[in-house]
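Throughout, a chain's letter reflects where its sequence line sits, starting with A, and its residues are numbered from 1.
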Protein chains: 2
Amino acid sequence: MSADPAGSTSARRGSAAAPPGSRSAQKQLTRERLLNAALNLMETGRGFSSLSLREVTREAGVVPAAFYRHFSDLDELGLALVEACGVTLRRLLRDARRQGLPPTQILRSSVLIYKNYVKENHRYFRFAASARGGGSPRIRKAIRIEESHFANEMAQDMRDMNLMPKLPMDALELICGLVVTTMMNAATDILDLPEDQPQAEKELTENFVMQLRLIFLGARSWKQPG
Amino acid sequence: MSADPAGSTSARRGSAAAPPGSRSAQKQLTRERLLNAALNLMETGRGFSSLSLREVTREAGVVPAAFYRHFSDLDELGLALVEACGVTLRRLLRDARRQGLPPTQILRSSVLIYKNYVKENHRYFRFAASARGGGSPRIRKAIRIEESHFANEMAQDMRDMNLMPKLPMDALELICGLVVTTMMNAATDILDLPEDQPQAEKELTENFVMQLRLIFLGARSWKQPG
DNA sequence: CATTATAGTGAACACTTGTTTACTCAATAT
DNA sequence: ATATTGAGTAAACAAGTGTTCACTATAATG
């Protein structure tokens with residue numbers, strides 16, 4: 001399933017043209033192969049911290065020693081994955097910004113969009129969910145930082161779009177922080193949904209919508225403490 | 001640090017009286033030693049899924065093969081830990097029920113109590129945080145179930161104490177579900193607090209209080225959908 | 001074209017891992 | 001008092017682990 005079925009090794013040197021920096025481009029290519037290998041190994045539900053270096057290189061079609069040309073550690077690879085997750089999350093925000101929010105049923109449609117997004121990028125969310133609490137302290141902290149960046153960006157967007165215009169910025173950040181943890185938690189649930197059970201999916205979605213509604217209901221009657 | 005410093009092995013056979021079922025009592029004692037060993041190994045911040053069977057037995061002061069007298073698997077040990085976490089959580093609720101809530105500043109004092117509780121039982125919360133997203137699918141599901149039990153019990157308590165009397169039960173469950181995930185998330189943050197940084201702790205606490213206030217503010221203006 | 005830098009190889013290393021086997025020997029049951 | 005049971009032991013196993021080293025071959029540099 002992983003070894004090296006006659007093709008992947010030869011593919012390491014691009015058969016067609018390798019236009020710009022063929023040399024460093026190839027390096028980054030195997031780097032991505034390593035990252036993808038780790039993500040693939042987690043697709044069965046295993047957590048990141050249970051992966052071994054050799055497994056990852058095997059899955060990537062590369063000899064163990066080659067790993068050290070890219071990362072000094074599995075931890076370092078994990079940090080790279082955290083960054084990739086950050087990019088993925090920011091893309092979600094950017095898309096939402098671009099297409100604007102539908103006038104009615106904002107919450108429900110946002111949830112549906114998010115649900116699809118999680119499913120499309122399930123590998124990244126799976127990693128984030130697994131390493132958020134289970135990874136090494138360094139990775140945990142990195143994820144925490146990425147999440148708060150995301151929350152702050154979201155707050156800024158709400159300010160820009162003139163949603164909840166009467167609330168000060170720190171209140172918006174509070175709200176978005178809560179929304180983000182709720183989103184991440186929902187992502188874990190979405191990922192573990194049994195495929196043959198559409199009823200469970202409906203319930204989960206409904207619950208998620210109502211949790212968000214609850215939060216924004218609170219936001220409407222929020223007033224500065226003190 | 002772990003081996004067997006001349007005392008623990010001999011302690012296996014109770015030096016004093018072993019009153020009731022001395023045999024099965026001894027068995028349960030080593031069983032608890034195994035559970036504690038796993039918890040101890042996680043105290044440095046490592047996730048449960050990175051533990052090995054041999055490490056656990058070593059830390060417990062027991063030979064590897066002895067493990068199988070108690071669990072068939074590390075997974076099974078994990079499930080036992082999940083149950084222990086459930087007991088811990090239920091004790092929190094029971095204490096809260098018993099002493100009743102202080103009339104004013106309910107939220108803030110509850111948060112302080114919770115914060116202390118997390119610190120006192122940090123080993124269980126550490127495990128829960130690490131296995132919630134990172135463990136095997138079985139363990140994840142078990143934790144999810146335990147959490148929802150906890151949320152439902154909390155909702156029932158609120159009903160009994162006549163808090164938010166106008167809300168139907170399913171709304172209470174929704175609210176408590178959100179509160180529980182917020183609590184678990186806060187627990188992770190509390191556990192990773194740097195000890196020499198009282199300022200960060202204050203901020204975290206404040207943020208936690210305000211998140212809960214936001215939720216209950218939403219609850220006050222909640223009305224049944226449809 | 002000749003030189004150099006380096007991404008990836010292959011083999012070896014010293015360990016650790018999970019699991020099985022035959023065993024001991026004390027608490028129970030007869 | 002004797003037989004049985006079963007919790008914990010000791011040793012061995014095949015397999016997997018992280019890391020190192022000298023190496024090859026090719027893209028980049030002069």
Side-chain angles (χ1 to χ4, degrees), chain A residues 1-4 6-35 37-38 41 46 48-78 136, chain B residues 1-4 6-35 37-38 41 46 48-78 136:
Chain A
M1 189 196 288
S2 65
D4 196 351
S8 75
T9 304
S10 68
R12 199 173 306 125
R13 330 233 164 272
S15 53
S22 181
R23 171 50 234 55
S24 68
Q26 281 299 346
K27 175 164 182 178
Q28 189 159 356
L29 204 146
T30 42
R31 191 188 134 103
E32 272 159 26
R33 254 217 280 268
L34 287 167
L35 295 172
L41 289 169
R46 297 179 50 192
F48 175 74
S49 57
S50 76
L51 302 185
S52 79
L53 186 149
R54 285 181 107 105
E55 262 182 315
V56 173
T57 57
R58 209 179 302 137
E59 174 79 12
V62 150
V63 95
F67 183 91
Y68 298 100
R69 301 280 181 206
H70 302 272
F71 310 101
S72 63
D73 221 64
L74 266 180
D75 234 60
E76 216 92 15
L77 185 146
S136 77
Chain B
M1 188 194 289
S2 66
D4 195 351
S8 74
T9 303
S10 68
R12 199 173 306 125
R13 330 233 164 271
S15 53
S22 180
R23 181 56 259 96
S24 68
Q26 281 299 346
K27 174 164 184 179
Q28 189 158 356
L29 204 146
T30 38
R31 191 188 133 104
E32 272 158 26
R33 254 216 279 266
L34 287 168
L35 295 173
L41 289 170
R46 298 178 49 192
F48 175 74
S49 57
S50 76
L51 302 184
S52 79
L53 186 148
R54 284 182 108 107
E55 263 182 313
V56 173
T57 58
R58 210 179 301 139
E59 173 80 12
V62 149
V63 95
F67 183 91
Y68 298 100
R69 300 279 182 210
H70 303 272
F71 310 101
S72 62
D73 222 64
L74 267 181
D75 234 60
E76 216 92 14
L77 185 146
S136 77

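D:dA7 atom P lies 13 Å from atom CG of B:L34, rounded to whole Å. Residue B:L51 contributes atom CG, which lies 15 Å from atom C1' of C:dG18 at whole-angstrom precision.
If you check distances only, the side chain of A:R54 does reach the base of D:dG18 with a donor-acceptor pair under 3.5 Å.
Side-chain atoms of A:Q26 and A:L29, non-hydrogen and from C-beta on, do get closer than 4.5 Å to each other. B:L77 places a side-chain heavy atom less than 4.5 Å from the side chain of B:F48. Put simply, the side chain of B:L53 reaches to within 4.5 Å of the side chain of B:Y68, judged on heavy atoms.
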Which nucleotides of DNA chain C pair, in dot-bracket form (Watson-Crick or G-U under 3.5 Å, | meaning another strand): |||||||||||||||||.||||.|||||||
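Proximity of B:Y68 to the phosphate of C:dT19: a side-chain N or O atom is located under 4.0 Å from OP1 or OP2. For the pair B:S52 and C:dT17, the criterion of a side-chain N or O lying under 4.0 Å from OP1 or OP2 is met. Contact check, B:R23 against D:dG6: no side-chain N or O comes under 4.0 Å of OP1 or OP2. Between A:T30 and C:dG8 there is a side-chain polar atom (N or O) within less than 4.0 angstrom of OP1 or OP2.
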Full working for side-chain contact (heavy atoms from CB on, under 4.5 Å) between B:Q28 and B:E32: CA-CA 6 Å; B:Q28 189 158 356; B:E32 272 158 26; 3.9 Å; yes
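Distance NE2/A:H70 to NZ/A:K27: 6.0 Å, rounded to 0.5 Å.
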